Amino acid sequence: MNRILAANWKMNLGLADARALYTAVADAKAMCPRVTTIVFPPFTALAALAETARARGGGPALGGQNCHMDAKGAFTGEISAEQVRDAGAEYVLVGHSERRRLFCESDQLARSKLAAAWRAGLVPLLCVGETLAERERQETRTVLARQLQRALESSPPRAPLHVAYEPVWAIGTGVVAAPEQVAEAHAWVREELNGLGRSEGGAPILYGGSVDPKNAPSLAAIAEVDGFLVGGASLTAPSFLAIAAALDAAAARAGARVH
Ligand code: PGA
């Protein structure tokens, strides 16, 4: 299976800079054939980047950073999953910890947004992860199980899904989870997904939280890691491409072990 590099540009980059960065990383596929790249630009750049991809005959897949649960209506300032799809996206982030923490989004809301994503034909990338206090209380496994169960309760097991394990304490902090912590948490997420009827391969599990070119090789080598969700380090082409190269090398090594 290809590794996935998902780039969350958050509330960064104007149109010109977004276009320039997208174009600079657009050839990642040729350089790193075992990596699928997905860019989550700000909404203001989504349609323009879809146009850039069309014009150059390809480029990273696109995703929205958020969506509303309804298809349309009087929700000033919101954007529906259908509109995200219409702008050229194939993916959408759901339940990112910044949405949970800063915009009071609950697991129940994540569930509604997952349903909206599937309704619109998008692949949701569901983010889960514990806070530092929860980790210190040794509640990581319980928190992950609760987030996954509530978000995925009564969802169709074959509906396409990506999951990102993002310990909240590692996001944007420069503190990266230790490889053993990542492997353990990913195994818990996998176990929970299996329990919810989602088979192996059906839902890749990405690691997110301060991934950068330095730590990417060791994180990519973890068997349970299917890819990365990267924020800060995805905002410049050299570091984006270095992380893609680390995933590609890990996929090549894993492939060589299998054959
Ligand atoms: P970071 O962000 O790589 O800057 O820690 C990751 C994320 O929020 O998805």
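Whatever order the structure lists ligands and atoms in, that order sets their numbers, starting from 1. Since we're looking at a predicted model, the values are computed, not measured. For the numbers below, each heavy atom of this structure counts, side chains included, while hydrogens, waters and symmetry mates do not.
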Name the closest protein heavy atom to atom 2 (O) of ligand 1, giving the residue it belongs to and the distance to 0.1 Å.
-> Lys10 NZ, 3.3 Å
Side chain to side chain contact (heavy atoms under 4.5 Å, CB included) test vs Val163 passes for just one of Val128, Leu125, Leu206, namely Val128
Which option out of Ala6, Gly231, Ala233 puts a heavy atom nearest to atom 3 (O) of ligand 1?
-> Gly231
Is the backbone of Ala220 close enough, under 3.5 Å, to the side chain of Arg3 for a donor and an acceptor to pair up by distance?
-> yes
Can Glu134 and Thr131 be said to form a side chain to side chain donor-acceptor pair (under 3.5 Å), step by step?
-> CA-CA 5 Å; Glu134 288 163 342; Thr131 62; 3.2 Å; yes
How are the rings of Tyr207 and His186 set to each other: parallel, tilted or perpendicular (split at 30° and 60°)?
-> tilted
Between CD on residue Glu192 and CD on residue Gln147, distance to nearest 0.5 Å = 11.0 Å
Classify the contact between Asn8 and ligand 1 as side chain, backbone, both or neither, using a heavy-atom distance cut-off of under 4.0 Å.
-> side chain
Which residue owns the protein heavy atom closest to atom 9 (O) of ligand 1, what's the atom, and how far is it?
-> Glu166 OE2, 2.7 Å
Could you go step by step and tell me if Ile79 and Asn66 meet the side chain to side chain contact (heavy atoms under 4.5 Å, CB included) rule?
-> CA-CA 8 Å; Ile79 295 177; Asn66 185 26; over 6 Å; no
Which atoms of ligand 1 have any heavy atom of Gly232 under 4.0 Å away?
-> 1 (P), 3 (O), 4 (O)
His96 neighbourhood, listing ligand 1 atoms whose heavy-atom distance to it stays under 4.0 Å = 7 (C), 8 (O), 9 (O)
Check each atom of ligand 1 against the heavy atoms of Gly209 and keep those under 4.0 Å away; list them by number with element.
-> 5 (O)
Per-atom filter on ligand 1: closer than 4.0 angstrom to a heavy atom of Gly172 are 1 (P), 4 (O), 5 (O)
Ligand 1 atoms nearer than 4.0 angstrom to some heavy atom of Ala170 are 5 (O)
Okay, side chain of Trp9, backbone of Ser234: is any donor-acceptor separation there less than 3.5 Å?
-> yes
